[in-house]
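Step one of this worksheet: look at the structure below.
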Protein chains: 2
Amino acid sequence: MPKQAARPKPVIAEPAVVKNGGATLASEAYQRLREDIINAVLVPGSKLRVQELCTRYGMGQSPIREALNRLVRDGLASLSDHKGFSVTSLSRAHLESLTKTRCWVNEIALRESMLNGDSAWEEGVVLAYHRLTRNPRRASAQPGGVRVDGTYNSSGEQAHRAFHTSLISACGSPWLIDLCEQLFDAADRYRHLARATSSRTARPRGDEHKLLVDAVVARDVDRAVAVLKKHFSRTHELARGQLSDDPA
Amino acid sequence: MPKQAARPKPVIAEPAVVKNGGATLASEAYQRLREDIINAVLVPGSKLRVQELCTRYGMGQSPIREALNRLVRDGLASLSDHKGFSVTSLSRAHLESLTKTRCWVNEIALRESMLNGDSAWEEGVVLAYHRLTRNPRRASAQPGGVRVDGTYNSSGEQAHRAFHTSLISACGSPWLIDLCEQLFDAADRYRHLARATSSRTARPRGDEHKLLVDAVVARDVDRAVAVLKKHFSRTHELARGQLSDDPA
DNA sequence: GACTTTCAAATAATCGACAAAAATGAATTA
DNA sequence: TAATTCATTTTTGTCGATTATTTGAAAGTC
């Protein structure tokens, strides 16, 4: 069937109205739920009722349910058979365990990374730091702590994560990087918790990141590790105050 | 409305016909799929078609789909939006990364555990070892390598896992223990792969476990760590031969 | 002959409704 | 008052069917 003339090959077909970036609803729900839990929009320990979430995110039960199942394995949500999902609760004991583990695992990752990292890696770290300083962070959390619904991961948050990942990116093991990112996510929840309440404790923390970069470019492994651990410990202390001893 | 006589409070009510252990279909599917992937019944890299799995496990799409979503976050299955699920494939590079990470992370865990562990912990290790030797393992894999469908995790496999967990159980961080278990699962896939093909390479490995226990009760940290790393390396070598360089 | 385009079959994703279990709360009893 | 029972209601878990997307093969074009 001959089509008329020489329709000039629709370059890419401009996919009409692309709802999302080609992602599925379930993936979108996963991302948004993940953000909302990490950013403490959904409060730790609270129940995650499926129908509520359906109206909140404007989709059916199936995608929500799939997203929740993924979150369970991230440790962000908990599931009890026949009793449903809830936001994994935070506690001092949990934080304690988390911080210790972060120190242990990240020390290895950073040491290996500094051992193997070439100049390209080093430049990646410097670049990531630059981006971190350019983006003000806390873009999502207004002074009053109010957050506009529907706000996604601020670029500042992403820059922070990217910086920490860049540090260990040359460790030579994707597995190790993955573990560190899991730990980072978990820690982020505590960071946001601390920020939400005491907003005047705002960071003289740009400094800490600078110290890290300095140690890295100086190739002083021990100093870098020490600074990193100190960094973790500060986050720990900030969040600690907001928590009771008993989980929930 | 008076009920007759003094019905002696139905002790626990004997729940008629409990299909499963009170678990949901989704949880059952999750467990079975997990086993089947770890035990290499489902071959690495192959597609996981939902309908196939429905007939295989005798349930609807919903529970299967939920189970698959959980597996994704375990790293056992992979999901590409709109293209569905598949069994995460194995490769030399992946194994390499995994083994390195196991050595690093388990070293920390074991060191800490031996530092903190009291005699109760020590007894736990000895007990776990005893159970390991009592259960022949490979109960699920017949000499011919054939596996009866529907077979669940053999008690031998469980004993092996329990032994390794007992070693690090006193490390003082649930997070770290969890990470080690993730790594253990991933490694188990390679172990089964190796076993499936070369069944005569069967273990003089009870020995390695014995050496571990000896080092632990002797409280010789460095020796224990060395043995553990060697143990990991051997698994690595066994599986390595079965793999091509290119993943899939 | 190699490369598109088209179309049909297969598969994935989502919806809406139903069934099963747990939480809620008022009425009853000790 | 405190505890127990039972019916009501909410919420979870599952199914079947519908819609959207990809895959693969046949037809067409340069």
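Sequence lines set the chain letters: A, B, ... in the order given, protein chains first and strands last, and positions in each chain run from 1.
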Separation of D:dT12 atom C1' from A:Leu68 atom CG, nearest Å, is 12 Å
Test: B:Arg161 and B:Glu181 ion pair at under 4.0 Å: no
If the threshold is 4.0 Å, N to carboxylate O, is there a salt bridge linking A:Arg32 and A:Glu28? yes
Taken to the nearest whole Å, CZ/B:Arg49 to P/C:dA13 is 13 Å
Here the distance between atom P of C:dA12 and atom CD of B:Gln51, to the nearest Å, is 8 Å
B:Leu53 atom CG is separated from D:dC15 atom P, nearest whole Å, by 14 Å
inquiry  = When you measure from the side chain of A:Thr88 to the backbone of A:Leu76, do you find a donor-acceptor pair of N or O atoms at a distance under 3.5 Å?
reply    = yes
Rounded to whole Å, OH of B:Tyr57 lies from C1' of D:dC15 at a distance of 20 Å
Task: Any A:Leu179 side-chain heavy atom under 4.5 Å of B:Leu183 side chain - done: yes
Might you list the N or O atoms of the protein lying below 3.5 Å from N or O atoms in nucleotides 14-18 of chain C, with each pair's distance?
| from | atom 1 | to | atom 2 | distance (Å) |
| --- | --- | --- | --- | --- |
| C:dT14 | OP1 | A:Leu25 | N | 2.3 |
| C:dC15 | OP2 | A:Gly60 | N | 2.9 |
| C:dC15 | N4 | A:Ser62 | OG | 3.3 |
| C:dA17 | N6 | A:Gln61 | OE1 | 3.2 |

Does C:dT11 have OP1 or OP2 under 4.0 Å away from a side-chain N or O of B:Lys47? no
Checklist entry - Is A:Ile37 close to A:Asp74 at the side-chain level, that is, under 4.5 Å between some pair of heavy atoms? => result no
Heavy-atom neighbours of B:Gln51 CD exceed 12 at 6.0 Å: no
From CZ of A:Phe85 across to P of D:dT12 the rounded distance in Å is 9 Å
Flag if over 12 foreign heavy atoms under 6.0 Å of NZ, B:Lys47: yes
Counting only heavy atoms from other residues, nucleotides and ligands, does the tally under 6.0 Å from CZ of B:Arg34 exceed 12? yes
Between NZ of A:Lys83 and C1' of C:dT24 the distance, given in whole Å, is 14 Å
Overall bend of the helix from C:dG1-D:dC30 to C:dA30-D:dT1 (five pairs an end, 10° steps) is 20°
Exactly one candidate in B:Cys171, B:Ser166, B:Ser169 meets side chain to side chain contact (heavy atoms under 4.5 Å, CB included) with B:Trp121; the answer is B:Ser169
